[in-house]
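So you know, we letter chains A, B, ... as the sequences are listed, proteins then strands, and number each from 1.
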2 protein chains.
Amino acid sequence: MKELFPIVAADVALFTVLEETLRVLLLQRDNEPQAGAWALPGALLKPETDLSLEHTARRALAAKTRVEVPHLEQVAVFSGPGRDPRGYSVGVLFYALLPADQAPAVAGAKAMDVAWSDVAHLKRPIAFDHREMIALATTRLRQKVVQLALPLHLLPAKFTLTQLQSVFETVTGKPLDKSSFRRRLRDEKNLVKLHGELEGGANRPAQLYRAISSFRFEMKS
Amino acid sequence: MKELFPIVAADVALFTVLEETLRVLLLQRDNEPQAGAWALPGALLKPETDLSLEHTARRALAAKTRVEVPHLEQVAVFSGPGRDPRGYSVGVLFYALLPADQAPAVAGAKAMDVAWSDVAHLKRPIAFDHREMIALATTRLRQKVVQLALPLHLLPAKFTLTQLQSVFETVTGKPLDKSSFRRRLRDEKNLVKLHGELEGGANRPAQLYRAISSFRFEMKS
DNA sequence: TCAATAGTGTCTCTTAGACAATATTGA
DNA sequence: TCAATATTGTCTAAGAGACACTATTGA
């Protein structure tokens, strides 16, 4: 009987950048199956309450997190009889971006079962097919950013151009020329110069910017 | 009770190019709900037999079509309580490409309930949220082609460069310079020159090409 | 003044687009 | 030869990357 209805779930790859590294949020599973292994936050679809699978995804994040993520995007659907021992399952994968300054609020020092893992070196045991999910979500995020979709959702509301470039380089994995990068930013007009300044350890302080209010994290062409 | 389990289905936007127009395959519904309206081919997930939702999608095409489509790709998931009056539904949308020379085999003159509709002018009544699905699948296809993913699956196995350019222009909706286009084709090496020739109504005959055997319809960067 | 980082200017090389010139066929 | 389309070549302009130069701060 259970075979007639698939399990439907939403899983979320929540990314942030810490220490110049692209990281994804993992939770250690308490229960079987795969107790002890690390998994993406996820939740089963509740038809009575969820207006869509995006709602399910947000609910999954809210359950383990206190943070509101601004950006949530579909990546792909994974399906099949062998993904989950509990039965035929359909898993809809999303990805979301979290500014670095909010990352500590998610994985506080207290929690042993929450981790921001470097996507390039996933050393923990990963549950189900979540390793593949992380790889695909990472690729998708990279593609978007390479096509010059500004990953502003990974930055705090106010940021310097150097910080923006650093996030860019971390996500894409490639260095960028400062001059060209700033030329591009000037031409597209997604940024607004603010009139306060920042830091300056022992050097020239940097201008702060914010995104224009209508900014959207979208493809270009 | 039915509320606890969502309906899970795969729908396919099958594209081809006829008369310099990008077209999508529509079927007229026999049964309620929405009898008489036109819908994308689709099928319910059968957990007992479908190894994945891509299988479900292929099965949906096979049911109304005799054609094997080479290329099938996920677009997005649509979900919610209001999409289908039969209950909460989760619909996974795919798109597929069919060479123009195989299009007649699908919608033969006999069938009144099969149509290749111009995606730019959908005049028939469209069932459910399939109009939105068609729009999204079209956008996705366009994006891929704009990024110079050669839409070779829309062409017969052998084709001329002029035919390829024409398909390109039809899908993207924009004219292309012949010289630049051929330069790009030469640089990427996805085509093989054949040594037979074609037509020539009253003019110079065109060289035929085919895709290299390892060709894949993928993003560039 | 020095170290360190922010910000700007200039040069070159690649590439896309415009457009012209040549080639080849049947009628 | 002519009409029609295929194929190739050349010029130009915009953009990306390399790299150097100037600016501003605290120590």
Side-chain angles (χ1 to χ4, degrees), chain A residues 19-20 100 142-150 152 155-156 158-210 219-221, chain B residues 19-20 142-150 155-156 158-210 219-221:
Chain A
E19 298 161 11
E20 315 255 301
R142 244 190 268 275
Q143 279 180 352
K144 286 278 288 256
V145 172
V146 165
Q147 280 148 25
L148 198 54
L150 296 182
L152 294 179
L155 288 160
K158 301 178 179 183
F159 51 87
T160 69
L161 298 187
T162 303
Q163 289 169 351
L164 176 56
Q165 181 175 349
S166 170
V167 167
F168 228 91
E169 293 175 332
T170 300
V171 174
T172 65
K174 290 183 180 173
L176 262 176
D177 182 72
K178 182 168 55 169
S179 180
S180 325
F181 183 67
R182 289 173 183 230
R183 199 162 38 203
R184 293 199 306 194
L185 294 180
R186 192 179 338 110
D187 295 346
E188 325 181 356
K189 316 206 169 185
N190 296 113
L191 301 186
V192 177
K193 184 187 292 193
L194 298 176
H195 292 294
E197 277 161 15
L198 178 70
E199 64 191 22
N203 46 36
R204 178 172 174 175
Q207 176 64 53
L208 282 173
Y209 290 80
R210 65 168 175 81
M219 295 283 193
K220 289 225 310 178
S221 65
Chain B
E19 298 160 13
E20 315 256 300
R142 245 191 267 275
Q143 278 179 353
K144 286 280 288 258
V145 172
V146 165
Q147 279 148 27
L148 199 51
L150 297 182
L155 288 161
K158 300 178 179 183
F159 51 86
T160 69
L161 298 186
T162 303
Q163 289 169 351
L164 176 56
Q165 181 174 349
S166 170
V167 167
F168 228 91
E169 292 175 331
T170 300
V171 174
T172 65
K174 289 183 181 172
L176 261 176
D177 181 72
K178 184 167 51 169
S179 179
S180 325
F181 183 68
R182 288 172 183 231
R183 196 162 40 203
R184 293 200 306 195
L185 294 180
R186 192 181 335 113
D187 295 345
E188 325 181 357
K189 316 207 169 186
N190 297 113
L191 301 187
V192 177
K193 185 186 292 192
L194 298 176
H195 293 293
E197 275 159 17
L198 178 70
E199 64 191 22
N203 47 35
R204 176 173 176 174
Q207 175 65 51
L208 282 174
Y209 290 81
R210 65 168 174 81
M219 295 283 195
K220 289 226 309 178
S221 64

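- A:Arg184 pairs by the side-chain contact (heavy atoms from CB on, under 4.5 Å) definition with A:Leu148, A:Phe168, A:Leu176, A:Phe181, not counting sequence neighbours.
- Judged as a salt bridge (charged side-chain N to carboxylate O under 4.0 Å, His left out), and not counting sequence neighbours, the contacts of B:Glu19 are B:Arg23.
- Read 5' to 3', the first and last nucleotides of DNA chain D with an atom closer than 4.0 Å to a heavy atom of chain B are D:dA3 to D:dT10.
- In this structure, the side chain to side chain donor-acceptor pair (under 3.5 Å) partners of A:Gln165, at least two apart in sequence or on a different chain, are A:Glu169.
- Partners of B:Gln207 by side chain to side chain donor-acceptor pair (under 3.5 Å), not counting sequence neighbours: none found.
- Not a single ring pair (Phe, Tyr, Trp, His ring centres under 6.0 Å) links B:Tyr209 to another residue, sequence neighbours left out.
- Annotation: side-chain contact (heavy atoms from CB on, under 4.5 Å) contacts of A:Ser179 (sequence neighbours excluded): A:Asp177.
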> Could you run down nucleotides 7-17 of chain C 5' to 3' and tag each one B, S or - for protein heavy-atom contact under 4.0 Å?
Replying inline: BBBB-----BB
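- Remark: A:Ala100 engages A:Thr16, A:Leu18 in a side-chain contact (heavy atoms from CB on, under 4.5 Å) (not counting sequence neighbours).
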